[in-house]
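Sequence positions, counted from 1, serve as the residue numbers for this chain. Values below: every heavy atom of this structure, side chains too, minus hydrogens, waters and symmetry copies. Note that the structure is predicted; figures quoted are calculated from it, not measured. Counting starts at 1 for both ligands and their atoms, following the listed order.
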Amino acid sequence: MKFFLTRLCALLFAALLAQTSAPAVAQSTETPDVNREATGGAQTLQDILARQRGETVPLDQGQAGPLPNPEGAPGELGTRGGASDSSLWRALRQGQDVFTSTNRDPLATTMVQNDGEAWLATRQGPLVTYTGYAFGGILILLLLFLLFRGRIKIDGGKSGIRIDRFGFLERFAHWMLAVSFIVLAVTGFGLLAGRDVLVPAIDWLNVKFLHQDGAIDTAYGKNTFASIIGAGKWAHNNLSWAFMLALVLIFVLWFFRNIPTWTDVKWFAKAGGLFSKNSHPPARKFNGGQKLIFWSVILFGGSISASGIMLMMPYEFAMFSPTFEKLNALSAWAGFPQNLATETTPIQEQQYAQTWHTIVGIVLTVIIIAHIYIGSIGMQGAFSAMGSGKVDLNWAKEHHNMWVDKLERKGNLVNVDTGEPAYPTRPAE
Ligand code: HEM
């Protein structure tokens with residue numbers, strides 16, 4: 001009992017003491033001009049109190065002038081009065097050069113990088129989400145197109161006469177581009193979203209089909225995914241060279257045939273006749289839609305390649321700040337604001353490269369899914385152009401009449417199976 005009373009008295013006394021000592025927040029400071037000379041530029045008591053009042057302290061906005069300890073990082077950690085470590089960490093967070101290093105790694109003096117958080121959030125959030133929407137969207141559109149329009153048939157039926165469309169080199173370049181692109185797309189989106197999509201999928205398959213008898217390995221999905229994506233990363237990096245080589249070949253081989261002409265405008269005005277039967281707007285060897293595919297492949301493929309090289313060889317190139325400078329100049333000329341960052345750090349360049357690589361990758365993959373559809377199940381007679389390199393004469397006349405006419409005028413319209421001129425199916429004039 002005596003012990004209990006003593007403890008109660010001690011508690012009451014402590015409560016009384018707490019009542020009489022004024023809280024630190026209640027202290028007021030009316031000094032608007034803070035003199036930081038005494039602290040060597042570091043924060044002062046006024047700064048701390050101002051923050052507690054919810055005011056903005058210039059120091060927090062990187063306007064404080066010299067760093068608290070210009071000679072370098074403090075030797076010992078611990079309470080350092082006015083020259084507190086919080087100023088140092090704030091400076092680090094604001095990206096100021098606090099340290100120097102003899103290490104040649106461009107990141108050696110970057111300890112905290114605020115933009116990294118925004119980049120990571122974008123990579124794990126919108127980039128994954130929009131990839132899903134984009135792929136889902138194009139698949140639904142193509143399915144609807146197939147349902148309502150059906151397979152685009154050769155209106156006049158097959159003639160049985162085959163003519164040459166693409167030579168060996170063209171087909172070789174096309175398939176090198178196609179195979180490498182498909183592997184790059186699959187592994188690339190695996191790297192982006194595999195952890196979210198494949199790990200649960202593999203776990204589900206494991207539970208459903210492999211280990212239904214109880215003992216479930218909870219790390220199965222992650223471990224299996226790690227092996228798959230390790231190989232995927234290797235394939236992604238190495239096949240990129242095949243893609244770039246094929247891109248150059250395709251550009252050289254087909255550049256002249258893909259220069260836009262007035263015929264293409266008319267082709268687009270009729271939507272290429274894609275939505276109605278028996279409608280075939282005039283076209284040369286490549287129609288307007290194909291030219292659009294060609295230039296998308298060249299421009300987006302080129303841009304994916306450039307940003308991919310940046311990712312494969314980190315910190316070797318800075319492509320975004322010079323690009324942003326030019327875009328700002330263009331904006332200024334057009335009377336728009338110029339707010340793209342022109343002073344990027346090496347790590348920011350990498351982050352921009354990753355984001356851009358993915359965005360352009362999504363756009364090109366969507367275009368290519370549509371291309372694969374129309375080049376295979378979507379249009380009767382199209383695939384053989386890239387398979388055997390030969391097409392049915394009626395298909396050619398319906399989809400590329402100007403090209404056929406030109407071959408005929410030059411005497412080059414030949415039935416590849418007989419070696420004879422392929423004239424007989426031409427309607428009598
Ligand atoms: C399995 C996948 C693919 C199939 C079945 C396919 C089919 C075809 C066919 C049949 C043509 C010739 C069309 C014609 O005779 O007029 C063609 C052309 C072309 N392909 Fe592919 N392709 C595939 C993948 C790709 C990929 C992945 C790329 C690029 C990344 C690509 C780029 C091109 C280009 C630029 C052309 C010329 C322009 C055009 O005809 O649209 N192809 N493709």
- Query: Can you tell me the protein heavy atom closest to atom 12 (C) of ligand 1 and the distance?
  - Reply: F166 CE1, 3.7 Å

- Message: Less than 6.0 angstrom separating the ring centers of W254 and F166, yes or no?
- Response: yes

- Query: Between T344 and E349, do the side chains contain an N or O donor and an N or O acceptor separated by less than 3.5 Å?
  - Reply: yes

- Task: Evaluate whether atom CH2 of W234 has more than 12 neighbouring non-hydrogen atoms of other residues, nucleotides or ligands under 6.0 angstrom away.
- Result: no

- Using only heavy-atom distances, determine whether the side chains of Q348 and Q113 contain a donor-acceptor pair under 3.5 Å. no

- Query: Is it true that F145 and F275 have ring centroids separated by less than 6.0 Å?
  - Reply: yes

- Message: Can you report which non-hydrogen protein atom sits closest to atom 36 (C) of ligand 1, along with the distance?
- Response: W254 CZ3, 3.5 Å

- Message: Just checking F255 against F294, ring centres under 6.0 Å apart?
- Response: no

- Check ligand 1 against F181 and write out every atom of the ligand that is under 4.0 Å from a heavy-atom position of the residue. 27 (C), 30 (C)

- Item | Atoms in ligand 1 with a heavy atom of F383 nearer than 4.0 Å | 5 (C), 10 (C)

- Item | Any residue meeting side chain to side chain contact (heavy atoms under 4.5 Å, CB included) with W241, in chain and number order, not counting sequence neighbours | M244, M312, M313

- Task: Report, as a single number, the protein N, O or S atoms less than 2.8 Å from atom 21 (Fe) of ligand 1.
- Result: 2

- Item | Shortest protein heavy-atom distance from atom 16 (O) of ligand 1, along with the residue and atom involved | Q290 NE2, 2.4 Å

- Shortest reach to atom 35 (C) of ligand 1 by a heavy atom, considering only F300, Y373, F294, W403: F294

- Query: Can you list the atoms of ligand 1 that are under 4.0 Å from a heavy atom of W175?
  - Reply: 3 (C), 4 (C), 5 (C)

- Message: Using side-chain hydrogen bond (donor to acceptor under 3.5 Å, both in side chains), reason through W395 and Q380 one step at a time and then give a plain yes or no.
- Response: CA-CA 8 Å; W395 176 90; Q380 184 191 11; over 6 Å; no

- Given the options L413, L393, V391, I161 meets side-chain contact (heavy atoms from CB on, under 4.5 Å) only with L393

- Any non-hydrogen atom of W395 lying under 4.0 Å from ligand 1? yes

- Query: Parallel, tilted or perpendicular: which describes the rings of W175 and F383, with under 30° parallel and over 60° perpendicular?
  - Reply: tilted

- Query: Should the pair K158-D392 be classified as a salt bridge under the 4.0 Å nitrogen-to-oxygen rule?
  - Reply: no

- Looking at W403, is R165 sitting on its ring face, NZ or CZ under 6.0 Å from the six-membered ring centre and within 45 degrees of the normal? yes

- Output the list of atoms in ligand 1 that are nearer than 4.0 Å to some heavy atom of A382, sorted by atom number. 10 (C)

- Proximal atoms of ligand 1 relative to A385 (non-hydrogen, under 4.0 Å): 15 (O)

- Item | N/O separation below 3.5 Å, S376 to ligand 1 | no

- Query: Quick one: nearest non-hydrogen protein atom to atom 15 (O) of ligand 1, plus distance?
  - Reply: R165 NE, 2.8 Å

